[in-house]
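First the structure, in the form of structure tokens, and then the observations on it.
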Amino acid sequence: MAETQSQNRIHQALEKPGKLLSIYYTAGFPNLEDTVPILEELQAAGADMVEIGLPFSDPLADGPTIQESSTRALRNGMHTELLFEQLKDVRKTVDLPLILMGYFNPVLQYGVEAFCRKCKEVGIDGLILPDLPLEIYQRDYQHLMAPYGLSMVFLISPQTGEARIRQIDAASDSFIYMVSSASTTGVQDQFGQGQDAYFDRIHAMELKHPQVVGFGISDAQSFQKATRTAKGAIIGSAFIRLLEREGLGGIRNFIENIRP
Amino acid sequence: MSKYHVDEHGFYGEFGGAFIPEMLYPNVEELRQHYLEIMASESFQQEFRKLLRDYVGRPTPLYYAERLSEKYGSRIYLKREDLCHTGAHKVNNTIGQILMAKRLGKKRIIAETGAGQHGVATATVCALMGLPCVVYMGEVDIARQAPNVARMKLLGAEVRPARSGSRTLKDATNEAIRDWINNPEDTHYIIGSVVGPHPYPDMVARFQAVISEEIRHQLLEAEGRTDPDYLIACVGGGSNAAGTYYHYLDQEEVQIIAAEAAGKGVDTGESAATSALGRVGIIHASKTLLMQTADGQITEPYSISAGLDYPGVGPMHAHLFQTGRAQFIPVTDAQAMAGGRELARLEGIIPAIESSHAFAVLEMGAVPPDSLVVINLSGRGDKDLQTYIDYFDLT
Ligand SMILES: Cc1ncc(COP(=O)(O)O)c(C=O)c1O
């Protein structure tokens with residue numbers, strides 16, 4: 001069972017009425033120094049939450065868009081210590097809930113405990129480490145990470161069995177990241193019947209924690225579909241394509257178009 | 001259970017596990033729950049043994065290499081995996097896994113390949129069983145391993161270029177894993193070595209264990225004892241080595257030597273000597289030793305041999321290294337090429353360049369005289385002819 005954490009910014013955002021719009025982007029892309037300016041733009045544009053991606057050389061759960069942004073970010077010179085350095089004063093200007101999302105190996109190399117301590121120091125609220133599965137987290141790392149009070153967010157997919165979903169719900173303390181379909185990030189298929197059935201099935205389980213849907217959401221329509229039953233949705237690849245196309249100047253328009 | 005085999009959590013000491021994203025959990029968990037039971041079933045064993053005998057050509061000979069023995073003053077036997085159908089040990093594993101896939105009701109097969117040997121072995125068993133086969137291969141490797149690409153295509157497989165990252169084996173493996181995420185129900189991923197998430201390292205080791213099972217019988221017949229003094233194999237991901245060592249792991253008096261690819265030299269920046277250069281980390285969902293930057297980005301290895309050109313090593317081998325059970329010896333390109341040529345000239349056998357690394361440790365003095373030695377000859381050198389030609393200027 002997860003400790004009940006004192007309220008952090010994620011909890012507060014989840015308690016607000018209405019649907020929650022979360023944005024994912026890769027730190028260090030398109031330019032090395034864009035990390036905080038992107039956050040400030042997102043806040044001004046009215047996004048509700050942000051996942052900052054720590055780039056990794058081998059992002060095996062990601063599709064081509066995020067792979068490419070990660071490669072570019074690394075080439076630009078992004079690394080873990082630099083990201084923390086960039087975020088050092090972020091809480092002076094940004095009040096959004098911030099989640100770091102990354103693969104486990106860079107965290108392991110930084111030192112799991114040191115990583116969490118640093119997150120806490122700069123004002124990160126939660127972590128998504130997609131390749132650190134629940135069992136290994138609980139057995140080997142929870143005791144190191146829990147003291148820093150970060151919300152650990154776990155994923156479920158359409159193939160996740162009911163018992164396991166309940167287990168993940170019990171281990172969560174903020175929201176459940178609901179992967180929209182059996183896919184890597186950015187796969188652009190339609191939100192079809194299968195997904196509606198999946199969304200309804202999860203909704204009917206009356207989980208303790210709200211769900212935020214991610215993977216494949218790109219515009220107002222898919223955002224609406226994804227949030228019919230879920231509390232919110234995450235846009236990643238489509239946002240990265242926007243940054244590639246228009247740079248930071250396109251952010252406000254993009255967010256306003258998703259949620260008029 | 002032995003301290004060198006996998007524990008109930010899927011770890012070898014601190015190494016191994018299944019660091020998988022949740023999207024892979026159902027696939028990997030299904031395999032984990034069923035693989036031991038399926039492998040133990042009589043019908044599986046019958047079919048597996050029959051195919052190994054009639055199709056692969058097992059048992060492969062344990063050949064006493066007289067002239068090589070004479071030169072090094074030891075009794076040296078070669079385990080002839082080069083005589084397997086498709087030319088390397090890889091097929092032992094693909095036969096096992098295709099039968100596993102059928103019993104799990106899978107209808108589609110995916111695989112990764114570097115040099116193309118595992119891709120060919122997978123395409124072969126897919127043809128045998130009439131299953132569609134997609135092989136991911138780095139764009140760079142496709143260009144430098146054209147004959148194996150052609151073989152796979154002739155066998156009916158689709159070869160998909162991996163265009164991400166460094167466009168070699170590690171990226172092909174990433175692409176195969178992504179394919180599996182996108183096809184969570186009908187697809188089985190035939191991984192090519194003792195790498196990847198648990199239960200793959202253990203399952204692949206068990207399929208390859210037929211190598212050491214045969215060595216024990218054959219050595220008993222030839223020498224009146226089951227155990228050699230030294231066992232030598234090359235290690236890329238570590239599947240031929242795992243098979244060679246498997247039944248000897250707990251016989252601590254049997255010395256185990258792992259030849260790893262040092263490329264142009266351990267300290268040249270162009271090397272694949274994972275035990276020397278790697279640190280603990282996670283690659284392809286397994287905690288093991290791997291070559292990486294201080295920041296945890298996986299780096300690109302180098303070896304003249306495409307089959308040893310992997311930045312990690314199977315978790316079993318990381319454990320054997322860490323516990324000192326196996327001695328890891330880095331072998332440079334030059335040492336390996338000389339070892340390969342020596343085998344050709346002394347015994348009339350042209351080895352795969354991967355296997356040549358195992359022979360090179362003789363010249364390096366790793367084995368004292370008067371030893372009883374078994375070297376696993378993991379594959380034949382046909383696929384490497386062009387490299388031999390270029391290296392020794394044989395035109
Ligand atoms: C002949 C041969 N030996 C060895 C290897 C290395 O793989 P492993 O370490 O899994 O045996 C390969 C891989 O392609 C190979 O083709």
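Computed from a prediction, not measured in an experiment: that's the story for all the values here. In what follows, every chain begins at residue 1, and chains take the letters A, B, ... in the order their sequences are listed.
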Which atoms of A/Ile168 approach chain B - backbone, side chain, both or neither, heavy atom under 4.5 Å: side chain
Ignoring hydrogens, what is the shortest heavy-atom contact between A/Pro133 and B/Ala18? Give both atom names and the distance. CG-O, 3.2 Å
Interchain donor-acceptor contacts below 3.5 Å (chain B, chain A):
from: B/Glu22; atom 1: OE1; to: A/Arg164; atom 2: NH2; distance (Å): 3.0
from: B/Glu22; atom 1: OE2; to: A/Arg164; atom 2: NE; distance (Å): 2.5
from: B/Tyr25; atom 1: OH; to: A/Arg164; atom 2: NH1; distance (Å): 3.3
from: B/Lys170; atom 1: NZ; to: A/Asp58; atom 2: OD1; distance (Å): 3.1
from: B/Lys170; atom 1: NZ; to: A/Asp58; atom 2: OD2; distance (Å): 2.9
from: B/Asn174; atom 1: ND2; to: A/Asp58; atom 2: OD2; distance (Å): 2.8
from: B/Arg178; atom 1: NE; to: A/Pro59; atom 2: O; distance (Å): 3.4
from: B/Arg178; atom 1: NE; to: A/Asp62; atom 2: O; distance (Å): 2.9
from: B/Arg178; atom 1: NH2; to: A/Pro59; atom 2: O; distance (Å): 2.8
from: B/Asn182; atom 1: OD1; to: A/Thr184; atom 2: N; distance (Å): 3.3
from: B/Asn182; atom 1: ND2; to: A/Thr184; atom 2: OG1; distance (Å): 3.2
from: B/Glu185; atom 1: OE2; to: A/Gln159; atom 2: NE2; distance (Å): 3.1
from: B/Arg279; atom 1: NH2; to: A/Gln109; atom 2: OE1; distance (Å): 3.2
from: B/Val280; atom 1: O; to: A/Gln109; atom 2: NE2; distance (Å): 2.9
from: B/Ile282; atom 1: N; to: A/Asn105; atom 2: OD1; distance (Å): 2.9
from: B/Lys287; atom 1: NZ; to: A/Tyr141; atom 2: OH; distance (Å): 3.0
from: B/Gln292; atom 1: OE1; to: A/Asn105; atom 2: ND2; distance (Å): 2.8
from: B/Gln292; atom 1: OE1; to: A/Gln109; atom 2: NE2; distance (Å): 3.2
from: B/Asp295; atom 1: OD1; to: A/Thr80; atom 2: N; distance (Å): 3.2
from: B/Asp295; atom 1: OD1; to: A/Thr80; atom 2: OG1; distance (Å): 3.0
from: B/Asp295; atom 1: OD2; to: A/Thr80; atom 2: N; distance (Å): 3.4
from: B/Gly296; atom 1: O; to: A/Asn105; atom 2: ND2; distance (Å): 2.9
from: B/Gln297; atom 1: OE1; to: A/Ser57; atom 2: N; distance (Å): 2.7
from: B/Gln297; atom 1: NE2; to: A/Pro55; atom 2: O; distance (Å): 3.2
from: B/Ile298; atom 1: N; to: A/Ser57; atom 2: OG; distance (Å): 2.8

Can you tell me how far apart CZ (B/Phe19) and CG (A/Leu108) are? Round to the nearest 0.5 Å. 7.5 Å
Nearest-0.5 Å distance, CD1 of residue A/Ile156 to CE of residue B/Met23: 12.0 Å
Using a cut-off of under 4.5 Å for heavy-atom pairs, which of B/Gly10, B/Ala294, B/Pro21 has the most such pairs with chain A? B/Pro21
Side chain, backbone, both or neither: which part of A/Pro64 has a non-hydrogen atom closer than 4.5 Å to chain B? neither
Go through the atoms of A/Leu155 and report whether side chain, backbone, both or neither lie under 4.5 Å from a heavy atom of chain B. both
